[in-house]
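A quick write-up on the structure given underneath.
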Number of protein chains: 2
Amino acid sequence: MPVGFAPRSVAWMITQKMKYALKALLVLGDAAAGPAPEPLTIEAVAKRSATPKRFLEQILLELRNAGMVSSIRGRSGGYVLTRKPEEVPIAALLRLIDGPIAPLQCLSQGAYQRCEDCTDEAACRIRKVFAEVYWSYLILIESLTLADLLASDDVARRVTAD
Amino acid sequence: MPVGFAPRSVAWMITQKMKYALKALLVLGDAAAGPAPEPLTIEAVAKRSATPKRFLEQILLELRNAGMVSSIRGRSGGYVLTRKPEEVPIAALLRLIDGPIAPLQCLSQGAYQRCEDCTDEAACRIRKVFAEVYWSYLILIESLTLADLLASDDVARRVTAD
DNA sequence: AGGAATCTCGACCTTGCCTGTCGGGTTTGC
DNA sequence: GCAAACCCGACAGGCAAGGTCGAGATTCCT
């Protein structure tokens, strides 16, 4: 079930962890949409999303700390979506799991950091060009929410994967 | 001069190597635009772009193997741009240095790979949603060339950085 | 009260990439 | 022939990605 080591073959690629997180949210989202909105156990989510259980455990914890899901402890515990899917932005998820989205540190809002060897940021041509592309891209991705994922009218409503 | 280890703080971020490559091409592009189109030595490029020399060596080698620059060996050797800047696509550079651009392997044209645990790709909601964002993004970045970088009418025409 | 099913938390491990460095070889100009 | 270039392969330190594990804390059920 574990994906082993599928070398990310580099930048721009979403991490495996992020894919697991998305799949987990899809499972929870589907469940919430059903008739019986009961909490799902980690085990159940792991099974339905083909995710290593112990790893998923960690991921759900992070999602909970970020307020995206809620947990119920004890005997008949489990996880539920806290917010409505439209209120779970994919961009926030990306930042949470995979870190800053910007192609350059010096373009990141939340994780800004001046580039060590850059003497004049305003005049940096690299920054300038990537900024334009980045802003356009950001608009696209900032508008995505879990609801878009869930809706995505698919033939078979599969969680399968990535 | 070396940037040490500036932890990429993760996916989506361009690598340091890519930044060096861009800076090197900027230096060569600027030189080519000047009056005396002489080849620049690795040393010269390293100095003007604040790049560790031995590392730059490797990078220029890769650029040469990809046909983006040409090298002249021997005593008064060096590097020159092989093509006109408009014919050096940034996307190709990204793929060369940083690997595939797609957010998921299963969306990559050149480096396609089925996701291990995906039973039905056509029905995968994750793939579907990211595909849309990706295609839009791809159009943006595929249209970028070195000429855009060079042009980027800057105040001071700095190569500084990233 | 006791046990079982859950979630919670922190530590640990392995693999491979990123960012360079180094030593030596080959070409060419003077 | 010497020196200034490029060429090429090996290697090393640090850290993130992708998991695994053991033990603790809660809650439900009987």
So, under a plain 3.5 Å distance rule, would you say the side chain of B/R73 forms a donor-acceptor pair with the base of C/dT26?
yes
In whole angstroms, the gap separating C1' of D/dA5 from CG of B/L60 amounts to 13 Å
Separation of B/E62 atom CD from D/dC7 atom P, in whole Å?
13 Å
Checking all strands, does A/I72 fall into the base, sugar-phosphate, or nothing category for heavy-atom contacts under 4.0 angstrom?
sugar-phosphate
Donor-acceptor pair, distance only, cut-off 3.5 Å: does the side chain of B/K53 make one with the backbone of B/E43?
no
Whole angstrom value for the distance that separates P of C/dT19 from CD of A/E116:
12 Å
Flag yes if more than 12 heavy atoms outside A/E38 fall under 6.0 Å of its CD atom; otherwise flag no.
no
Mind checking if B/I42 touches a base, just sugar-phosphate, or nothing, with heavy atoms under 4.0 Å?
sugar-phosphate
Taking any heavy-atom pair under 4.0 Å as a contact, classify A/Q58: base, sugar-phosphate, or nothing.
base
Measuring from atom OG of B/S136 to atom CD1 of B/I141, what distance do you get when rounded to the nearest 0.5 angstrom?
13.0 Å
Within this structure, what is the CD1-to-C1' distance between A/I59 and C/dC7, rounded to whole angstrom?
15 Å
What's the CZ-P distance between B/R54 and C/dG25, to the nearest Å?
14 Å
Separation of D/dA5 C1' from B/L61 CG (nearest whole Å):
13 Å
Rounded to whole Å, the CG-P distance (B/L63 to D/dC7) equals 12 Å
Provide, to the nearest angstrom, the distance between the NZ atom belonging to A/K23 and the P atom belonging to D/dG18.
13 Å
Taking D/dC7, D/dG18, C/dC7 as options, the one with an atom nearest any side-chain atom of A/Y79 is C/dC7
Side chain of A/T41: nearest nucleotide among D/dG18, C/dT6, D/dC7?
C/dT6
D/dC6 base / B/E57 side chain donor-acceptor hit below 3.5 Å
no
Hey, is the side chain of A/R64 poking within less than 4.0 Å of OP1 or OP2 on C/dT8, counting only N and O atoms?
yes
How do A/E43 and B/S76 order along DNA chain C: which one's closest nucleotide is nearer the 5' end?
A/E43
Would you tell me if any nitrogen or oxygen in the side chain of A/S71 comes within less than 4.0 Å of OP1 or OP2 on C/dT8?
yes
Backbone of A/I14 reached by a side-chain donor or acceptor of A/D98 within 3.5 Å
no
Hey, which of these two, B/K53 or A/R75, hits DNA chain D nearer its 5' end, going by closest nucleotide?
B/K53
Check: B/D148 main-chain N/O paired with B/S152 side-chain donor or acceptor under 3.5 Å
no
Would you indicate, yes or no, if D/dA17 has its OP1 or OP2 atom less than 4.0 angstrom from a side-chain nitrogen or oxygen of A/Y20?
no
